[in-house]
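Predicted model only: the values in this text are computed from it and were never measured. Numbers here simply count residues along the sequence, with the first being 1.
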Amino acid sequence: RRCAYADCDKPDESWYFYLIEEGKVTGGQDWSPLAGSVLCHACYSRFKTRGTLERSTQRRRTVEVRRCTYEGCERPEHGKGFYLIEAGKTTGGRDWSKLEGSVLCDSCYARFKDRGTLTRS
């Protein structure tokens with residue numbers, strides 16, 4: 001098998017290939033343009049979560065400030081990365097506007113991206 005996405009990094013190397021069938025709704029995405037295509041696991045996962053096969057050109061930018069500004073962070077000076085939240089951020093389908101200008105440690109960043117809240121549960 002081979003991934004049908006022309007810009008796939010490794011179109012022949014995947015642990016699983018997905019045949020996209022007519023009427024697919026996985027991830028709440030519109031799969032109709034891809035019906036009948038085969039996607040590798042990486043491309044399938046990207047489309048399922050983001051609704052596009054294109055890779056993001058925006059990466060999380062590390063900042064020189066190495067302290068999480070979230071007041072509820074249990075370890076604000078620890079972590080493998082710290083990220084400045086910039087205007088217009090939509091990662092994870094979340095509204096980041098209230099955090100604009102904040103610096104988050106990797107744990108707080110991931111929690112907000114995944115759950116939409118900084119509060120630990």
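Atom CG of Asp106 and atom CZ of Arg111 lie 10.5 Å apart (nearest 0.5 Å). One distance of note links SG of Cys108 with CZ of Arg75; it measures 11.5 Å at 0.5 Å rounding. Rounding to the nearest 0.5 angstrom, the gap separating the CZ atom in Arg120 from the SG atom in Cys73 is 8.0 Å. The structure places OH of Tyr83 at 9.5 Å from SG of Cys105, a figure rounded to the nearest 0.5 Å.
Closest heavy-atom contact between Leu104 and Cys68: CA-SG, 3.8 Å. The minimum heavy-atom distance linking Phe47 with Gln29 is given by the pair O-CG, 3.3 Å. In plain terms, the two heavy atoms of Ile85 and Lys89 that are nearest each other are CG2-CD, 4.0 Å. Of all non-hydrogen atoms in Lys48 and Trp31, the two that sit nearest each other are CA-CZ2, 3.8 Å.
Of the possible donor and acceptor atoms, one in the side chain of Trp96 sits under 3.5 Å from a partner among the backbone N and O of Thr91. Under the 3.5 Å distance criterion, the side-chain polar atoms of Arg94 are matched with a main-chain donor or acceptor of Asp114. Side-chain atoms of Ser37 do not come within 3.5 Å of backbone N or O of Ile20 as any donor-acceptor pair. The backbone N or O of Pro76 sits nowhere less than 3.5 Å from a side-chain atom of Arg67 that would complete a donor-acceptor pair.
The aromatic rings of Tyr18 and Tyr44 lie parallel to each other, with less than 30° between the two planes, well short of the 60° mark.
Connection of Leu34 to Tyr16 is established within a shared hydrophobic cluster, with ILVMFWY side chains joined at heavy-atom distances below 4.5 Å, either directly or through further cluster members.
Using a 4.5 Å heavy-atom threshold, the side chains of Cys3 and Ser14 count as separate. Here the side chains of Leu39 and Arg46 are not in contact, with every heavy-atom distance at 4.5 Å or above. Counting heavy atoms from C-beta on, the side chains of Leu99 and Tyr70 never come closer than 4.5 Å. A 4.5 Å side-chain heavy-atom check between Phe82 and Glu77 finds every atom pair outside the cut-off.
Sequence neighbours left out, the pairs with a member in residues 8-34 that pass salt bridge (charged side-chain N to carboxylate O under 4.0 Å, His left out) are Arg2-Asp12, Asp9-Arg55.
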